[in-house]
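Worksheet for the structure shown next.
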Amino acid sequence: MIIEHENSEKININAFQDDLISWFKAEQRDLPWRKDQDPYKVWVSEIMLQQTRVDTVIPYFNRFIEWFPTIDDLANADEDKVLKAWEGLGYYSRVRNLQFAVKEVREKYNGEVPNTPKEIAELKGVGPYTAGAILSIAYGLPEPAVDGNVMRVLSRILLIWEDIAKTSSRKTFEQAVRDLISHEDPSSFNQALMELGALICTPTSPSCLLCPVREHCQAFFEGVHEELPVKTKKKKTRDVQLAATVLTNSAGKLLIHKRPSNGLLANLWEFPNVEIYHNLQNEREEVANLFSQELHLNTQLDRIIGQIEHVFSHLVWNIKVYIGTLSDDFQESEDWKLVSFKEIEDFAFPVSYQKMFQMYKNFLEE
DNA sequence: GATCCGTGGGT
DNA sequence: TACCCAAGGAT
């Protein structure tokens, strides 16, 4: 067990802060959420950046702020439109929690993002990392913001051999940051640790020769920078078999369904589908029976037009894609809608069903 | 503490 | 190909 306080004392803290922050101020990337310190925009960017690359986030951030420039705009927006703004980013509960929390800020804090650790951490979707990020970046408070970058960078600089995959080890790194953080510029310090992790102190083959804090790095000194951080692997995904169908009525409209409000891809839209638990004998017929029994859809399935594999973080969907016809007496409801090719663009679909719709359009062109 | 929750890019 | 990973949080 490494005692983090002793490790922090092994380096010259003031020199470390200066080298790190000077490098950050000279080399930091020009990112849209760095144009000002509006707590709302900092908040949005931090939620988007959770488990998501900077390059992926940039266009989403710009459009999101365009659509919802202020807390009021987001609080008043329809959730369907909010999800559409997030479409393709993944982890969709992030944005539903964000909108929920923004409403709380409007009502409880008069529209001002709170600036105390206790109050901000109570907001839905704001965990220890995001709380520290907002407090330091938007409000200049010396709070730790420990993400994967920070754990990787500090595990090397301070020679910390704890398994960063364990949730319990975050506290070790938070204490290390409290020991090291600049009280003159907590914002630059925290961002610099993450920027260093993203640009220099990368997971594989770090650019140590370009590193501004190499002379403070114990792992480099010991020659073990490639062995850190220690991180145990996670388990494999499991496979799920689905049958999904594009159903059209005689007017050429497509049937879509809104997913339940919790669990995987909550409140996003999809094409009608059922899970297949066993191998089926007469597949097309038995799938039609499942649509009838489970979804109360009486349909004729014409044929399979293809197959889609979609990989999630924790499972894999194998989707057999059918086409079929829907009788004209079908009754729409809140979560079952008939839409035209133009109208479908306004609904948020997960990428798996975007792939399926593209497959259908390609089929029609042949 | 373990699992759920997305997606696209890198090696 | 089959991993691994990226500014995590909720349950």
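Chain identifiers are assigned alphabetically (A, B, ...) following the order of the sequence lines, protein sequences preceding nucleic acid strands; residue numbering begins at 1 within each chain. From a predicted model like this one, the values you see are computed outputs, not experimental measurements.
Contacts between chain A and DNA chain B, taken as any atom within less than 4.0 angstrom of a protein heavy atom, begin and end at B:dG1 to B:dG8.
Of the residues in residues 259-269 of chain A, those lying under 4.0 Å from DNA chain B by heavy-atom distance are A:Gly263, A:Leu264, A:Leu265. For residues 44-67 of chain A, proximity to DNA chain B is found at A:Gln51, A:Thr52, A:Arg53, defined as any non-hydrogen atom under 4.0 angstrom from a strand atom.
Annotation: side-chain contact (heavy atoms from CB on, under 4.5 Å) contacts of A:Cys211 (sequence neighbours excluded): A:Leu196, A:Ile200, A:Val213, A:Arg214. In this structure, the side chain to side chain donor-acceptor pair (under 3.5 Å) partners of A:His257, at least two apart in sequence or on a different chain, are A:Glu270. When the salt bridge (Lys or Arg N to Asp or Glu O under 4.0 Å) test is applied to A:Arg29, the partners found at least two apart in sequence or on another chain are A:Glu195. Checked against ring-ring contact (aromatic ring centres under 6.0 Å, His included), A:Trp43 has no partners two or more places apart in sequence or in another chain.
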For residues 64-78 of chain A, which side-chain N or O atoms pair as donor and acceptor with protein atoms under 3.5 Å away, sequence neighbours left out?
from	atom 1	to	atom 2	distance (Å)
A:Thr70	OG1	A:Asp72	N	3.4
A:Thr70	OG1	A:Asp73	N	3.2
A:Thr70	OG1	A:Asp73	OD2	2.8
A:Asp73	OD2	A:Thr70	N	3.2
A:Asn76	OD1	A:Arg106	NH1	2.6
A:Asn76	ND2	A:Asp72	O	3.1

Tabulate below the donor-acceptor pairs under 3.5 Å that side-chain atoms of residues 13-20 of chain A make, not counting sequence neighbours, or state none.
from	atom 1	to	atom 2	distance (Å)
A:Gln17	NE2	A:Leu180	O	2.7
A:Gln17	NE2	A:Ile181	O	3.1
A:Asp19	OD2	A:His216	NE2	2.8

Atom pairs and distances, side-chain donor-acceptor, residues 315-323 of chain A, under 3.5 Å, sequence neighbours left out:
from	atom 1	to	atom 2	distance (Å)
A:Lys320	NZ	A:Glu283	OE1	3.4
A:Lys320	NZ	A:Glu283	OE2	3.0
A:Tyr322	OH	A:Glu283	OE2	3.4

For residues 354-361 of chain A, dump all side-chain donor-acceptor pairs below 3.5 Å to protein atoms at least two apart in sequence or in another chain.
from	atom 1	to	atom 2	distance (Å)
A:Gln354	NE2	A:Phe349	O	2.7
A:Lys355	NZ	A:Glu309	O	3.4
A:Lys355	NZ	A:His310	ND1	2.9
A:Gln358	NE2	A:Asn362	OD1	3.1

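Counting only residues at least two apart or in different chains, ring pair (Phe, Tyr, Trp, His ring centres under 6.0 Å) contacts with residues 111-140 of chain A are absent.
Sequence order on DNA chain B of the closest nucleotides to A:Phe349 and A:Arg238 puts A:Arg238 first from the 5' end. Residue whose closest nucleotide on DNA chain C sits further toward the 5' end, between A:Thr167 and A:Arg152: A:Arg152.
No donor-acceptor pair closer than 3.5 Å links the side chain of A:Glu104 to the backbone N or O of A:Leu123.
Among the atoms of the strands shown, none is found under 4.0 Å from any heavy atom of A:Trp86. Here A:Arg170 lies out of heavy-atom contact (under 4.0 Å) with every strand. Residue contacts shown for A:Lys166 are absent, as no nucleic acid heavy atom lies under 4.0 Å away.
Nucleotides B:dG1 and C:dA6 are separated by 23 Å at their C1' atoms, to the nearest Å. For the P atoms, the distance from C:dC4 to B:dT3 is 16 Å, rounded to whole Å.
A salt bridge links A:Lys118 with A:Glu122; the closest basic N to acidic carboxylate O contact falls under 4.0 Å.
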